[in-house]
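All values reported here derive from a predicted model rather than from experimental measurement. Every chain is numbered from 1 and lettered A, B, ... according to where its sequence line falls, protein lines coming before strand lines.
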Protein chains: 2
Amino acid sequence: MKDVKGQSPADPAGPLTSTLTFRLGTLGAIATERFTEAVQAHGLKPKQVGLMAVLAAGTADSQQDIARTMGVAPSLVVSLADHLETLGAIRRERDPNDRRRQVLTLTDRGHTLLAECTTAAHTLDAALTEALPPAARQALHQALTTLAAQAGLPT
Amino acid sequence: MKDVKGQSPADPAGPLTSTLTFRLGTLGAIATERFTEAVQAHGLKPKQVGLMAVLAAGTADSQQDIARTMGVAPSLVVSLADHLETLGAIRRERDPNDRRRQVLTLTDRGHTLLAECTTAAHTLDAALTEALPPAARQALHQALTTLAAQAGLPT
DNA sequence: TATTGTTATACTCTATAACTATA
DNA sequence: TATAGTTATAGAGTATAACAATA
């Protein structure tokens with residue numbers, strides 16, 4: 001059995017572009033790019049919205065906890081929180097029990113901003129999936145939820 | 001009808017973290033991070049592998065065409081191609097009909113490298129989807145193929 | 001003049017390391 | 001001595017703009 005011209009060695013079970021790894025990487029980049037553009041109108045970057053989402057979920061409140069939850073360096077949380085504080089989206093208060101800790105809380109303004117960004121994400125979702133039948137849309141959502149859970153991402 | 005405490009205003013049809021936009025963004029980042037680590041053993045970065053995939057697909061051969069296909073700046077293609085040439089993965093030849101154009105072609109070494117990276121992607125795919133029933137795996141692949149096609153990505 | 005590739009430069013994002021205050 | 005937050009610095013990645021060769 002010989003190699004066909006131009007396929008030496010043969011594709012290992014399908015081309016790179018049809019792998020889940022490639023598809024998630026490229027579609028993820030597009031999704032983030034569109035979301036970046038959408039939330040920019042509110043003076044926000046995706047990671048700043050992500051920090052607000054962590055606070056809304058109530059799974060972390062100190063900056064160190066938030067850094068661990070988001071998988072970023074603590075020094076990055078400083079600048080993200082600085083910006084959110086400037087926008088009036090969060091409050092920073094020293095923990096009275098341990099004055100080294102800064103406890104972050106979403107303000108009403110923060111809740112409003114997060115809701116607006118979430119609405120923007122839903123709008124982008126609709127555009128992204130417009131070519132998808134409802135059943136496939138549902139199956140996609142379910143499958144990504146499973147992958148996210150397995151990867152330790154918020155569900 | 002009053003707002004429930006801590007949900008003012010209410011979540012617009014589900015939290016941010018359950019949107020397709022958020023899931024694709026975060027899972028895409030993880031996929032790219034894992035792929036980056038995997039291809040690093042071959043001295044490659046994801047975009048360099050992407051360039052090889054474009055050449056293998058035969059949809060572009062000059063650096064300008066490749067830049068347009070990949071959605072990156074032409075100056076970036078220069079450095080990606082420089083590195084691939086150093087590895088012996090591609091050849092750069094002037095187009096005799098238009099000596100401004102550099103025509104890039106995959107060498108045998110390039111085909112081998114691309115095949116190895118593709119195999120690595122398949123291995124990552126398996127790890128990523130190990131919690132997914134075969135039917136769901138198939139549905140996910142089909143849905144992402146549709147999204148990729150609609151977004152103008154390679155299918 | 002317009003286009004291809006290249007080089008020079010700058011910008012964004014984010015991490016690491018050093019530092020301060022508190023424990 | 002260890003930890004939370006902050007600041008200073010550095011590196012990766014990529015774009016924009018200026019430039020050279022060719023059309």
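- Taking every heavy atom of residues 39-48 of chain B and every atom of DNA chain D, pairs under 4.0 Å involve B:K45, B:K47, by number.
- When the P atom of D:dA23 is taken as reference, atom CD of B:Q102 falls 12 Å away, rounded to whole Å.
- Of the two residues near DNA chain C, A:S79 and A:D98, the one whose nearest nucleotide lies more 5' is A:S79.
- Taking atom CD of residue A:Q64 and atom C1' of nucleotide C:dA23, one finds them 14 Å apart after rounding to whole Å.
- Distance, B:R99 CZ to D:dA21 P: 12 Å, rounded to whole Å.
- Nearest-nucleotide mapping onto DNA chain C: of A:G71 and A:P96, the residue sitting toward the 5' end is A:G71.
- Ion pair B:D98/B:R101 not flagged as a salt bridge, since none of the NZ, NE, NH1 or NH2 atoms sits closer than 4.0 Å to an Asp/Glu carboxylate oxygen.
- Closest approach of A:L24 and A:L147 over heavy atoms only: CD1-CD1, 4.5 Å.
- Between A:R23 and B:P154 the shortest heavy-atom distance is NH2-O, 3.6 Å.
- For the OP1/OP2 pair of D:dT6 and a distance below 4.0 Å, the side-chain nitrogens and oxygens of A:R92 include at least one atom meeting the criterion.
- By the 4.5 Å heavy-atom criterion applied to side chains, B:V49 and B:L114 are counted as neighbours.
- The number of heavy atoms from other shown groups lying within 6.0 Å of CZ (B:R99) does not exceed 12.
- We find that CD of A:E85 is positioned 13 Å from C1' of D:dG5, with the value rounded to whole Å.
- Computed from coordinates, the A:D95 CG to C:dA21 P distance equals 19 Å when rounded to whole Å.
- Of all non-hydrogen atoms in A:G43 and A:H83, the two that sit nearest each other are O-NE2, 2.7 Å.
- Counting to the nearest Å, the C1' atom of C:dT16 and the CG atom of A:L76 are 13 Å from each other.
- Between the side chain of A:S75 and the base of C:dT16 there is at least one donor-acceptor pair of N/O atoms closer than 3.5 Å.
- Across all strands shown, B:V72 has heavy atoms under 4.0 Å from sugar-phosphate atoms exclusively, and none from any base.
- Rounded to whole Å, atom P of C:dG5 lies 12 Å from atom CD1 of B:I90.
- Using a 4.5 Å cut-off on side-chain heavy atoms (C-beta onward), A:T112 and A:R109 make contact.
- When rounded to the nearest whole Å, the span between CZ of A:R101 and C1' of D:dT6 equals 17 Å.
- For a distance-only test at 3.5 Å, the side chain of B:R100 qualifies as a donor-acceptor partner of the base of C:dT3.
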